[in-house]
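To keep things clear, I will list the structure first and then write my remarks on it.
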Amino acid sequence: QVQLVESGGGLVQPGESLRLSCAATGSIFSIYAMGWYRQAPGNQRELVATSGGRYADSVKGRFTISRDIAKKTVYLQMNSLKPEDTAVYYCNADLIERVEIGLKRSDYWGQGTQVTVSS
């Protein structure tokens, strides 16, 4: 019953900014961690940022991850965007959900949101 819904992607020019959002809904007991991944066509999915404050070298100094615990939402502020940032961005959550017999540790993915950086 848990869903992750991403939003905020779009088409921007190099140097511009975007802010991605990922909201978790459903029978969530607690969220251990959330993170952002991205995948370009023909490439493997790579970790971009974690809620613990770790970033891929390619985005350090430009991207900032943050969380609103009350809203069960994680954000990714992306500044100074480059064409190589173009990818589908996915939200991931490591959480505990409430099920019929109690609690269950689970991992969920959002549907992805397209970010395109081009002139």
Side-chain angles (χ1 to χ4, degrees):
Q1 294 184 6
V2 175
Q3 286 187 307
L4 304 181
V5 180
E6 302 106 326
S7 62
L11 173 63
V12 297
Q13 297 183 34
E16 294 184 339
S17 299
L18 283 173
R19 192 190 193 201
L20 306 183
S21 299
C22 174
T25 62
S27 301
I28 300 170
F29 179 77
S30 65
I31 299 177
Y32 284 152
M34 300 183 75
W36 287 96
Y37 292 73
R38 67 185 181 187
Q39 186 170 21
N43 290 34
Q44 291 189 334
R45 190 170 299 184
E46 65 171 339
L47 178 63
V48 176
T50 72
S51 57
R54 293 181 176 269
Y55 299 89
D57 288 340
S58 59
V59 307
K60 283 182 179 178
R62 300 188 297 117
F63 290 11
T64 303
I65 190 171
S66 61
R67 281 185 63 182
D68 185 325
I69 296 177
K71 295 182 178 180
K72 296 183 175 63
T73 300
V74 64
Y75 306 92
L76 185 67
Q77 179 67 44
M78 305 184 295
N79 297 328
S80 302
L81 283 163
K82 305 175 180 179
E84 49 263 46
D85 295 319
T86 296
V88 177
Y89 284 70
Y90 297 91
C91 175
N92 174 264
D94 177 9
L95 53 81
I96 296 178
E97 64 178 316
R98 183 168 295 279
V99 296
E100 296 89 336
I101 63 173
L103 304 176
K104 180 182 179 181
R105 183 74 171 268
S106 301
D107 186 81
Y108 282 90
W109 292 90
Q111 82 287 348
T113 183
Q114 177 71 47
V115 172
T116 302
V117 185
S118 176
S119 298

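Note: hydrogens, waters and symmetry copies are ignored here, and every other heavy atom, side chains too, is used.
- How far CG of Leu103 is from OG of Ser30: 8.0 Å, rounded to the nearest 0.5 Å.
- Put simply, OG on Ser106 and OH on Tyr32 are 11.0 Å apart, with the number rounded to the nearest 0.5 Å.
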Checking Cys22 against Met34 for the side chain to side chain contact (heavy atoms under 4.5 Å, CB included) test, could you report, in this order, the C-alpha distance in whole Å, the side-chain angles of both residues, the deciding distance, and whether it holds? CA-CA 9 Å; Cys22 174; Met34 300 183 75; 4.0 Å; yes

Kindly determine whether Trp109 and Cys91 satisfy side chain to side chain contact (heavy atoms under 4.5 Å, CB included), including the steps that lead there. CA-CA 6 Å; Trp109 292 90; Cys91 175; over 6 Å; no

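- Classification of Asp85 and Lys82 as a salt-bridged pair fails, no side-chain N sitting under 4.0 Å from a carboxylate O.
- In Gln114, the CD atom is crowded: over 12 heavy atoms of neighbouring residues, nucleotides or ligands sit closer than 6.0 Å.
- Among all heavy-atom pairs drawn from Ser119 and Pro14, the shortest one is OG-CD, 3.6 Å.
- Atom CG of Leu20 is separated from atom CE of Met78 by 3.5 Å, given to the nearest 0.5 angstrom.
- Counting all heavy atoms, side chain and backbone alike, Ala49 lies closest to Leu76 at CB-CD1, 4.1 Å.
- Inter-residue side-chain proximity for Ser21 and Lys71 is flagged as unmet; no heavy-atom pair is nearer than 4.5 Å.
- Smallest separation of non-hydrogen atoms from Ile65 and Ser51: CD1-N, 3.6 Å.
- If you take CD on Glu46 and CD on Gln39, they are separated by 9.5 Å, rounding to the nearest 0.5 Å.
- The closest donor-acceptor contact from the side chain of Thr86 to the backbone of Val117 lies under 3.5 Å.
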Go through the steps for Ile31 and Arg67 under the test side chain to side chain contact (heavy atoms under 4.5 Å, CB included), then give the verdict. CA-CA 11 Å; Ile31 299 177; Arg67 281 185 63 182; 3.7 Å; yes

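- Contact check for Arg105 versus Asp94: side-chain heavy atoms found under the 4.5 Å cut-off.
- Atom-to-atom distance recorded for Ile28:CD1 and Gln1:CD is 10.5 Å, nearest 0.5 angstrom.
- Atom CD1 of Ile96 is separated from atom OG of Ser27 by 13.5 Å, given to the nearest 0.5 angstrom.
- For the pair Tyr89 and Glu6, the minimum side-chain heavy-atom distance is 4.5 Å or more.
- Of all non-hydrogen atoms in Phe63 and Tyr55, the two that sit nearest each other are O-CE2, 3.3 Å.
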Given Lys72 and Leu95, is the side chain to side chain contact (heavy atoms under 4.5 Å, CB included) satisfied, shown in steps? CA-CA 11 Å; Lys72 296 183 175 63; Leu95 53 81; over 6 Å; no

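- Listed here is the closest heavy atom pair of Ser17 and Val12: O-CG1, 4.3 Å.
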